[in-house]
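See below for the structure under consideration.
Letters A, B, ... are given to chains in the order of the sequence lines, protein chains preceding strands, and every chain is numbered from 1. Since this is a predicted model, take the numbers as computed values, not measurements.
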Amino acid sequence: MSQKELIKTVDLIKTYRTEEIETLAVNKVNFTVYEGEFVAIMGPSGCGKSTLLNIIGMIDSPTGGEYFFNDIEISKFSEKQRANLRKHNIGFIFQSFNLIDELTVYENVELPLIYQKISATERKERTLKALDQMNMTHRKNHFPQQLSGGQQQRVAVARAIVADPKLILADEPTGNLDSEHGEEVMDILTELNDKGTTIVMVTHSPSFADYAQRVVHLFDGNIVTENMKEKFRV
Amino acid sequence: MFKNYLKIAIRNLSKQKIFTLINIFGLTIGITSAILILLWIRYELNYDHFHAKLQQIYRVVTHYGDSKVPTSPGPMAATLKSTIPEVIDATRFKGDRVVLQYGEKSVRLRGLNAEPGFFDIFTFPVIKGEPKVALDDPSSIVLTETSASRLFGDEDPIGKVVKMNNKWDLKIGGIIADAPENSSPPLQFEYLFPFKVYYFWRDPDDWMKNSDYQTWVMLNPESDYTIVNQKIEKIFRPHLPDSKLSYVLQPFKEIHLQPNTTRWDGPHGDIKYVIIFSVLALLMIFIACLNYMSLSTARSISRSKEIGIRKVVGATRTQLINQHYFESFLLVWISFAIAMIMVKLSLPMFNSIAGTKFMLPFAEPKFMAILFGLFLSVGFLAGTYPSLILSSIKINQNLTNSIFSSQRGKGYSFRKYLVIFQFTVTILVAISTIAIYQQLSFIRNKKLGYNPENLVYFNIGDNCPEESYNSLKNELLGIPTIASVGSSYQIPTELDFYSNVNWRQNEQDMSQAMAIFEVDENFLPTYGMEIISGKNFHKAKDDWSDCSFIINEKAAEIMKFDNSIGQPIKAYEWTGKIVGVVKNFHFENLHEEIKPMIFVYHPVNLLVTARIVRENMPETLKKIEQITKKHYPENPFEYHFFDQELEGLYRKEIKTSEIFTSFTIITILISLLGLYGMISYVTEQKTKEIGIRKVHGADVFSILLLLNKDYLIGVAIAFMIACPIAFLAIDAWLQNFAYRTEIRWLVFALVGLSVLIIALLTVSRQAVKAAMANPVEALKYE
């Protein structure tokens, strides 16, 4: 394992404010992920794991503290700066797949490359390669609604890896899948990790967390335990 | 990227069919209407623009206190040109009507007796011959293309000889183009005849005689006409030291839309209508765009996922804004294309309502530029707000349905205001339309002080001998369906002879300009005018030194005699005594208050009016024609119904109101369509909420109340905003009329109630569907 820090948060805070109450979703979290790691985040509903993942994925900004991505402090970045950093470095996988219904499988996977302004020839090559990796080439002209849940998630994974990101963030990627398809997705993630992609995954399932090298437990916005896989298994 | 935008736009539009149809339909109707209105505005603004020097041309208008007439003394033109440096040219002319005969054909034409300089100021392309030379030769006449073809058909008219008024032979010296349809009445004519002829029987260079010439001048392009007006005052005063008149220049370009001598210039436009129509066109486009804005942002909930995903995979906000602009422009482009077809198809119908002959001027770069500008404006207007709203949705909110997620979606309060705005516009426009309709029908049905129906009049020519007229009259009265026959120089709607009337009051000389109307003793009974004191004219000896006058109540009020009957007065060149006072009657259109007027007795006049019985009308008309032709074989017989002429006073107004009403109905429709789309969408969004409420015991009524509450409040607020605006706008418009209908509160109440019912029906149609359904259906919905 490389010891280079890819993600580092220092006293990270996220609060949500409504008219009457203030909710502390992430409370002074210090969290580090090294390059090439596979980290699982666990915890009960509402403990702040998705919020933490969203901040790590730069689709939300923290209220306080510092966030270093690849040694760059980005907590004060504008949405535009974050978008730019995000599209070149991070791939996302969601529980509800989040495919665009109006686009075909091929077009969904191709989308990140379009926003990276990659040439049409290269886009085609990389899209087909990603689909092939996920065994979805034969479904490339289908629309998401025509696929099973497992297939949709494979398309989502293809889209997450097509731009060759350093980091893949998976928010309960198996949550909407049966165990067979869930395991299939976990195998794919493990394979990607073996090839060097850093993975941070939020999950409820201890058995799927088992695929990770390290498990972080969150409770009320705080990290309560942090176990290396070996220790956790003991 | 473009391909991707196009693909997703097309798929989105075809997926959301109702949304797409409502938007395309609304935008298409809005754009079609706006283009039609644009054509109408263009037509109105281009009045008289075919005169190359329009900007430099002015007409001299005589002001008599409150009255204004576009005529002036004969020497005015030459004097202005020779003494005021800013006046680079001036000409005069006077209107006339003649009968021209060529072989068997004879036609009655309306024309101008004009000087050769006429062509130096006005632009009438020469078709044949030398019109300018012809206007210098009293034995020549110039015809317009249409008159020439009426008289000569396909023959070449140049050099041919025609007979004028069965007396004079004239040769055709030139043919000029007809004035275009959008030419002001003073320059609408069918022939031009040399002005010189006036030197044979009146002295057109005498300041004191005959101020019935039109004087037109052309100023230096840099001149300020208000300064020229000051100079005119100094110049004419030595010639007319006691005159109470003043002479003022009126820009030619203002004659159509800002007329100040209304009655003389016939039906004209009004800048107010141009402004009202421009506002209406903008309003229609705006409402169609609002529909798009509100429906698009309402859809932000269903599109938020797509937007979120795009952001996650790297789309910047600018890219998302561009994508939504692309969609808006695509929709606007489709609507524009359909609108162009609609304009083409609806032009014939529009032309028949407006009484115009519009065509789509695609070859005109200015028009095309305006269309392109309209396309861009509509695209940006419709697209900007949804683009900004949709692209600003936060990612985590889209994808994770976090605590910020709301059934209301982005732009909720904005949409609430839009709905109120649309209700306001609907109420405002509906009230205004009804009020305009009421006023115009009030005018049409207003008692005029005489009976305008069943009156037929025709021209028997100038200088008809009294015996000949008496014999005609007696024969006409022999027709059983003719009740009475009278003669007059003009008909009441065309009264255009104003002159000073002088009388003495308390040892003082008094004077006032009044309308003067030459009639015989049968005119007042024929028109059903009521004499309230004194008596009608009676057949008197033809002694012009001792005339009889009948004045109207208004004139009597001004003259302030204890008893008007028998009082000596002078009107124009006639002196005599007042024999009667007639009850006030409307001889101008109802924009004007009744003014003082005076009837002067004249046993034979140009026009004969017969009151006929409605039965057997064609037979009666045929007999009138036979008898008249027997008496005046050289005169072409043309009859007119007086009530139709009367309606002509309001024709332009009626046409304008018909166009206005058509477009306001369309505006209301677009607005309601948008509301329907909006309400349907919002109700659909609430399906889950309805399901949950029903599971917990809500009944249908409470659900209907829940869904209708917002719209009830919306209509109430809109009603409160619209009523005062509508009241003020209608009141301001009614000020144009001297006689006006009342603004009735009932109209306001009915419009408010109708809009409320329409809104409630729309909401309830959706709401009942949702409320009656099995709750599980609603819950499954998500």
Problem - Proximal to chain B - members of residues 123-155 of chain A, heavy-atom separation under 4.5 Å - result: A/Phe143

Problem - Test applied, side-chain contact (heavy atoms from CB on, under 4.5 Å); reference residue, B/Glu306; option that passes from A/Asn98, A/Ile100, A/Leu103 - result: A/Ile100

Handout entry: ring-ring contact (aromatic ring centres under 6.0 Å, His included) against B/Phe329, all qualifying residues, sequence neighbours excluded
Key = B/Phe375, B/Phe380

Exercise for the section: With chain B as the partner chain, list the residues of residues 107-122 of chain A whose heavy atoms fall under 4.5 Å from it, by residue number, and write 'none' if nothing qualifies. Expected result: A/Glu107, A/Leu111, A/Pro112, A/Ile114, A/Tyr115, A/Lys117

Fill in the blank from the handout: CZ (A/Arg82) and OG1 (B/Thr316) are apart, to the nearest 0.5 Å, by 13.5 Å

Practice task
Inspect the surroundings of NZ in B/Lys7 and state if more than 12 heavy atoms from other residues, nucleotides or ligands are less than 6.0 Å away.
Solution key: yes

Completion exercise
Bottom line for A/Arg159: the part with an atom under 4.5 Å from chain B's heavy atoms is side chain

Exercise for the section: Would you please name every residue forming a side-chain hydrogen bond (donor to acceptor under 3.5 Å, both in side chains) with A/Asn84, sequence neighbours left out? Expected result: none

Fill in the blank from the handout: What one should report as the nearest heavy-atom pair of A/Lys87 and B/Val313 is CB-O, 4.0 Å

Exercise for the section: Give a yes or no on this: more than 12 heavy atoms of other residues, nucleotides or ligands lie within 6.0 Å of atom CD1 of B/Ile18. Expected result: no

Completion exercise
Residues A/Thr104 and B/Arg11: closest non-hydrogen pair is N-NH1, 3.8 Å

Problem - Heavy atoms of other groups near A/Phe219 CZ, more than 12 under 6.0 Å - result: no

